Protein chains: 12
Amino acid sequence: MARKTKVLPIYVLNGPNLNLLGTREPEVYGRMTLAEIGKAVAARAKAASLGVVFRQTNHEGEMIDWLQEARTKASGVILNGAGWTHTSVALLDACRMLDRPLIEVHLSNPYKREAYRRRSFVSEVADGVICGLRAQGYLFAIDAIAALLKDRNT
Amino acid sequence: MARKTKVLPIYVLNGPNLNLLGTREPEVYGRMTLAEIGKAVAARAKAASLGVVFRQTNHEGEMIDWLQEARTKASGVILNGAGWTHTSVALLDACRMLDRPLIEVHLSNPYKREAYRRRSFVSEVADGVICGLRAQGYLFAIDAIAALLKDRNT
Amino acid sequence: MARKTKVLPIYVLNGPNLNLLGTREPEVYGRMTLAEIGKAVAARAKAASLGVVFRQTNHEGEMIDWLQEARTKASGVILNGAGWTHTSVALLDACRMLDRPLIEVHLSNPYKREAYRRRSFVSEVADGVICGLRAQGYLFAIDAIAALLKDRNT
Amino acid sequence: MARKTKVLPIYVLNGPNLNLLGTREPEVYGRMTLAEIGKAVAARAKAASLGVVFRQTNHEGEMIDWLQEARTKASGVILNGAGWTHTSVALLDACRMLDRPLIEVHLSNPYKREAYRRRSFVSEVADGVICGLRAQGYLFAIDAIAALLKDRNT
Amino acid sequence: MARKTKVLPIYVLNGPNLNLLGTREPEVYGRMTLAEIGKAVAARAKAASLGVVFRQTNHEGEMIDWLQEARTKASGVILNGAGWTHTSVALLDACRMLDRPLIEVHLSNPYKREAYRRRSFVSEVADGVICGLRAQGYLFAIDAIAALLKDRNT
Amino acid sequence: MARKTKVLPIYVLNGPNLNLLGTREPEVYGRMTLAEIGKAVAARAKAASLGVVFRQTNHEGEMIDWLQEARTKASGVILNGAGWTHTSVALLDACRMLDRPLIEVHLSNPYKREAYRRRSFVSEVADGVICGLRAQGYLFAIDAIAALLKDRNT
Amino acid sequence: MARKTKVLPIYVLNGPNLNLLGTREPEVYGRMTLAEIGKAVAARAKAASLGVVFRQTNHEGEMIDWLQEARTKASGVILNGAGWTHTSVALLDACRMLDRPLIEVHLSNPYKREAYRRRSFVSEVADGVICGLRAQGYLFAIDAIAALLKDRNT
Amino acid sequence: MARKTKVLPIYVLNGPNLNLLGTREPEVYGRMTLAEIGKAVAARAKAASLGVVFRQTNHEGEMIDWLQEARTKASGVILNGAGWTHTSVALLDACRMLDRPLIEVHLSNPYKREAYRRRSFVSEVADGVICGLRAQGYLFAIDAIAALLKDRNT
Amino acid sequence: MARKTKVLPIYVLNGPNLNLLGTREPEVYGRMTLAEIGKAVAARAKAASLGVVFRQTNHEGEMIDWLQEARTKASGVILNGAGWTHTSVALLDACRMLDRPLIEVHLSNPYKREAYRRRSFVSEVADGVICGLRAQGYLFAIDAIAALLKDRNT
Amino acid sequence: MARKTKVLPIYVLNGPNLNLLGTREPEVYGRMTLAEIGKAVAARAKAASLGVVFRQTNHEGEMIDWLQEARTKASGVILNGAGWTHTSVALLDACRMLDRPLIEVHLSNPYKREAYRRRSFVSEVADGVICGLRAQGYLFAIDAIAALLKDRNT
Amino acid sequence: MARKTKVLPIYVLNGPNLNLLGTREPEVYGRMTLAEIGKAVAARAKAASLGVVFRQTNHEGEMIDWLQEARTKASGVILNGAGWTHTSVALLDACRMLDRPLIEVHLSNPYKREAYRRRSFVSEVADGVICGLRAQGYLFAIDAIAALLKDRNT
Amino acid sequence: MARKTKVLPIYVLNGPNLNLLGTREPEVYGRMTLAEIGKAVAARAKAASLGVVFRQTNHEGEMIDWLQEARTKASGVILNGAGWTHTSVALLDACRMLDRPLIEVHLSNPYKREAYRRRSFVSEVADGVICGLRAQGYLFAIDAIAALLKDRNT
């Protein structure tokens, strides 16, 4: 099984409004666009001999479809659930059904913001959580998954 | 009017992640796939001379569309809202606008699980609620709707 | 063991004020008296070759005694705890000590009523919960226990 | 119907620990024993040509039985639920099924005491509530029921 | 001292909107106007050889002035604080400074109404509380104060 | 009845501190003084052939008096309760007793401010609520009442 | 910039179940269908020399797409989020990213309804909120946006 | 008085479901039956020249009767209220009326269990509380009462 | 501007029931009457070349009027809001509109009293808070305002 | 392993302010000083052939050091965490890392005191809890640990 | 005893991070360093013929030691508990054991800050509380203690 | 300034019980000891030409001292506050006074654990938060600080 999961890509899934990244409130979210983050992520993964599937959606149902797809098509998942993070049990359930390393990433630190952003359903099932490190958080998440996969294979 | 509603099918609507049924945590959700449940449900309904429209979606909007459709196309609705059960006022509103018997079904018993699964928006408008009886819960729901329809026609 | 539990009856235990059934608020609880439900339940159980012990009490202690008795004398229990459902940890403890299938039944749907009726101690240990289907809920509970017993014997 | 209800007695039902009245904490509950209150109540009722059935129990089930009995045997009920006031939904349900005037009485004023005594399930269905007036509260309750009965008969 | 307090009148103080009594929602508050209640109260007090000062105000400050005045000019106070009951700490403080018997009266039973009507600041310092008995509640309050005064004088 | 209510003016009642409007925090409340708003409101009402009574008070009791007066003297009420909005049950009761169209207006949007400004007692009985539109909100409220009156007269 | 934003239309975006308007519970939501409201809105906007894009969706993702589109294609937004109002942080985030006047509209007054309808995520970022005025609320919202645009251009 | 209280036995009162001790979940409650605990307790008391009355009931009313009886017949009380511990104000009142040393005992440590087991009404009036030490907890309670009695007699 | 504010007096404003000071519960509030405190305050202010306007009212509206008056007539305000401290948003708003140093004073320490006295709306806008130091607290407040005024003038 | 743990002493660790024992509030905490308790504890342990290390500290860090030390140097721990009981997760973590019997002791009964003393972090990991029995509680704790050690060695 | 306490110094005890005073956020905490405050405090005390012991620590245990030391070595205590104010029951207990005047001081007004700064354990036992007056608050506290000591000696 | 901060080391500060790392619950916290993590961290920092000061303490006061020291001696801080994370406002204040990049690290994911671990005071001021990635989290934190420093220097 180790052989198989090695070659599967990492799914990097981005939730609602993240497509606007870089154009709004750069002091909060950074100046990189989502496309630029996607490229940086792919480069980082490549260094660890891993592929990346990088997607964004404003549709919760599509995100759930992708998380289900990841069950067989991905070696691990990096999820930035954005606004759904705090409200979607359906997303949580899709994450729980994943049998893959899962890292939750947020560009800004939600614990510095409104009270309703302090509750993350995703955190309850994620292996790791990285907040506030902007685009770099995605790169760390790639490394973390690479490390987790290596652990499982040894 | 009794004549008309008799011939309309029962809509059996399944929410997010239920398409994975049977392959994950069978000790919680049972070993039947959703397709198998669909067949059993159709058989049960047929015994009561009722048809069944059996669907699943990961998209909340689609579920709302179906519930609206059911207002004129169904004689009753069986709804397993899965994760939306606990979070969706939009779903609740769609249910409230139904003028049909509505039975809420859950395969497992959510009251034995996390606190956030104890609040069901659907329960506030459902005629009946059946939890924890796995696939059998759907069959009872068919019988319950059949009985409710018979009541209304007599 | 399968042989033994097969022949034990199902205990159907009814809590406070249910003896008044049929005479008060029929639009909420239905028009059947408790005695009539008892007969219907017995008939349904007989169809599954099961006996029924059908009782009602306004005394919590008596209910606890019956639940303890059911540990050795019953193959399964159907419990309508009425008002105790929401307040009695003692009842919960007695249910927890049962090593038998347990189905919770409510004639009306408590989730449509006052806030203090939304918390059920029984639900935390019941295998299944059926609400709002009036007398029919008891019949489904019989079938559910019959199915659970069959499962265990095979 | 007026004729019938006129001759039925008023049930005055006292809950747990009230049998100890007069011997403990007289500065809180007054110096009269429950028996002495019973006599005073009977005298007051007699003045209004009403009989009284005066009882006390430490058993919740017995209290529920009496409340059910009162549905056909009493013209009105005066209830001092003592400790059950704050915890018993079963008692509340029995009160709700009464189709008779119901006055809740407390010897002391529970709103001056612990927080858990500020919630009364009985108050949610009682016609009137009288607190803190010791034995006199019972006498006012008799008058109140007499007045309510007169209202209904005219 | 007994001699002095005997001859002082009972203050019967009515809070906001009670001047509209009798003209609005008679099924909740009864059909008597506040003036009619005032007359009945005076008659009842007279029977106990007590005078009555009967007032109403929509101004919280005026009510506090009256409660302060009552400290030296009244033998006891009957207070229907209406809406202030649930919100005014200033009123509570004025009541606490009274060194006179204090009976709280409500025409309807606030415990059957909205959640915010279940908290009474006045109840925390009142000797007695009478709810839901409409105008009759005032008469009982007169009797209760008469009894309390007699107690203190003997 | 339609004839009568037509000619009655609309009461526009303003609560505490609104007399300072225009001189403090114009970025929050706008630059118009209350007098200027009063004029604009009168003009708008006149266009709909309606008169206006425009008042402000820092005294809760006076506001309650005006609301009571409006029961017979006004065809509708526009209420900006300012700070009382969030705390006064007495005001709520006065509003509830109105049998006239009632529109609640706030110059700023209280839902963007402190948590204690998110609870409005007035909203629970108002026909409509308009927030954050500064002086314009009053004009819309005039139109809304005009429309409601027209509805009732047709 | 003033020139540009002037000619952009106002987006009027309607959330889940609003497509059923006029056919269900007219006493709550009014008798106009959504199409009829759309026409009235367009007429009102035209009077202010503004165009309107009027849409409805049951899909949260689609609504987010439209709100993002509005960032460059609309001069202002009128949002009736229906059930999502109370639950969707994703919607809130999309609104927050708008750099356009935003008016929240509700046909009925949610503050008179269930507790879970009293929390609006949209209200936390809207410039104005209009509730309970049915179709008329949309017309006022058009006027409010027209006024806000005029303010910005002067 | 010292002489008298010396010879009165200690009441050891056990609440609902404790009669099943030893047969269920021995890893939680230990392997001793209630009868065996009774013997060990009697032996321990005897060593301190004290008698023991050892009882169990599933009926709350019976427990209250016993606690009342203990007021004159016991020198001290050891109470394991089991499930009633967390819910019964009536039991609390009976305990409060005891004028005897009272030790609360629990076989397991309820603070390690469900949230609803963390609230003990009995703890609010007990002299001492011993949890989690299984049968040994009863023996310590005997010693504690013996010590308290000795203190009072010296 | 410094010249002007120097000569304006300090307003010392006292809320409901403080007129009774010295005559009730001296162990809580001290033995000085409000008049005596007024004199001591005036003397202290005089030592700092400041005048004092010292007032008390039981009418919230009057207090708001005074706070508004203080905006132009006072150099600073000392406010003992008594019971309104904990409940009045209207008072808070009036304080917020002050552009003067504001010191909140309480004779006793409300944090040692009932829970509802722990929330002060005034504290949210006051420059300083002094509790529990009885009359001396007023004198410190005078000094504090004197110091704040000196700071602003230098 | 049994041989080794037998000879290790029991650590009896006392938290902040317990060094003042015996000199303050003897009616609450008893008259024994901590040194006297230490002697009594040592004697009791000696009777069970066990040694005791008896310490007190006002420094949380020192207490954590000791609890860590106890992991290899003690056969069991008796912990009176005093004020830290209710607030220190760090202490809880140190306790959780102990692989030794742990008994929590409190001299008084915290459940009779302020609400913030009803939450014990230590109780969530302690084997047993003894409250309100003053110095005797320590002796019982010694016996309890002795018994637990004996259990593990047999 | 008066003679003795006179000559004992006042302990002025400062909690965590206060050693950084003057260098950080001067607009919140003022520009004086802690050493400068110490000097001003000593001068003020000297004027009242009192000595001062002025200390700061980041170690809670050291603060508790000092508070215990103050029981015999100080005539009164001024405590700025900084961050521990809101979290330390151990500190509260040490304060409660003081038999000396205790004044709580905060440089800024915590009631204007985060919600978790609104709860002060120290306030529950302090004689007086002074907030928001920066260094001047310490000087008032000296005066307040001097006055309290004078009261006790006369 | 850029030149100066470059050469200062990164402080890596570890809170209570982390000295036991590697020996307890390796499946939760990983198998590396704290010393091993220290080495890995130093190596990673060296690669970025940064030095590291790596410390652990069980004493909150010592941690606060270190954080204060870091204000002038460190270029950035990595903080694993362990149990203090959830309870210490004093720690939060020390962090807030840092004018350096601050990354919060947790070896395990606290959001998967007890409710009281979901509240982090440190998160409210940290630039970034990394949870659940065991030792690797520290390495990412080094990289994150290196990046933040580079950002500031460019």
Side-chain angles (χ1 to χ4, degrees), chain C residues 1 4-5 11 13-17 55-74 76-77 79 81-102 104 110 114-127, chain H residues 13-31 33-35 55-67 79-92 94 104 106-123 131:
Chain C
M1 189 182 176
K4 219 179 183 173
T5 57
Y11 272 44
L13 305 178
N14 297 283
N17 300 305
R55 297 176 183 161
Q56 189 273 340
T57 180
N58 291 333
H59 297 252
E60 186 206 44
E62 195 164 43
M63 181 60 92
I64 295 170
D65 291 343
W66 290 345
L67 284 164
Q68 291 189 356
E69 180 188 317
R71 296 176 67 241
T72 53
K73 302 272 175 59
V77 174
L79 177 61
W84 299 327
T85 301
H86 319 295
T87 62
S88 176
V89 174
L91 206 72
L92 164 68
D93 286 345
C95 288
R96 180 170 284 152
M97 286 177 180
L98 263 184
D99 204 21
R100 295 288 177 270
L102 172 67
E104 181 184 7
E114 301 90 344
Y116 55 77
R117 291 196 204 269
R118 288 193 193 151
R119 155 70 133 152
S120 162
F121 282 109
V122 177
S123 288
E124 293 183 26
V125 290
D127 293 288
Chain H
L13 305 178
N14 297 282
N17 299 305
L18 289 169
N19 54 323
L20 297 184
L21 226 56
T23 61
R24 292 266 326 170
E25 303 179 79
E27 72 293 352
V28 176
Y29 299 104
R31 273 184 218 91
T33 63
L34 194 65
R55 296 177 182 160
Q56 189 274 339
T57 181
N58 291 334
H59 298 252
E60 188 205 42
E62 195 164 44
M63 181 60 91
I64 294 170
D65 290 344
W66 290 345
L67 285 163
L79 176 61
N80 183 340
W84 298 325
T85 301
H86 318 296
T87 62
S88 176
V89 173
L91 206 70
L92 164 67
E104 180 184 9
H106 296 284
L107 292 159
S108 69
N109 177 355
Y111 298 98
K112 281 174 139 165
R113 304 180 63 187
E114 300 89 345
Y116 55 79
R117 293 196 203 269
R118 288 192 193 149
R119 156 70 133 152
S120 163
F121 282 109
V122 177
S123 289
C131 306

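Below, all heavy atoms of this structure are taken into account, side chains as well, without hydrogens, waters or symmetry copies. For clarity, every value in this text was computed on a predicted model and none was experimentally measured. Order of the sequence lines sets the chain letters (A, B, ...), proteins ahead of strands, with each chain counted from 1.
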Spacing of CG belonging to H:Asn19 relative to CG belonging to C:Asp65, to within rounding of 0.5 Å = 7.5 Å
Interchain contact, C:Leu92 with chain H, by part (heavy-atom threshold 4.5 Å) = side chain
What pairs with H:Arg31 under salt bridge (Lys or Arg N to Asp or Glu O under 4.0 Å), at least two apart in sequence or on another chain?
-> none
Pairs of heavy atoms under 4.5 Å with chain H: top-ranked of C:His59, C:Met97, C:Met63 | C:Met97
Looking at CZ of C:Phe121 and OG1 of H:Thr87, how far apart are the two atoms once the value is rounded to the nearest 0.5 Å?
-> 7.5 Å
Toward chain H, the part of C:Arg71 with a non-hydrogen atom under 4.5 Å | side chain
Passes side-chain contact (heavy atoms from CB on, under 4.5 Å), C:Glu60 versus H:Asn58? Steps please.
-> CA-CA 8 Å; C:Glu60 186 206 44; H:Asn58 291 334; over 6 Å; no
Can you check whether anything in residues 110-118 of chain H gets within less than 4.5 Å of chain C, heavy-atom wise, and list it by number?
-> H:Arg113, H:Glu114, H:Tyr116, H:Arg117
May I ask you to check whether C:Asp93 and H:Asn17 show a side-chain donor-acceptor distance below 3.5 Å?
-> no
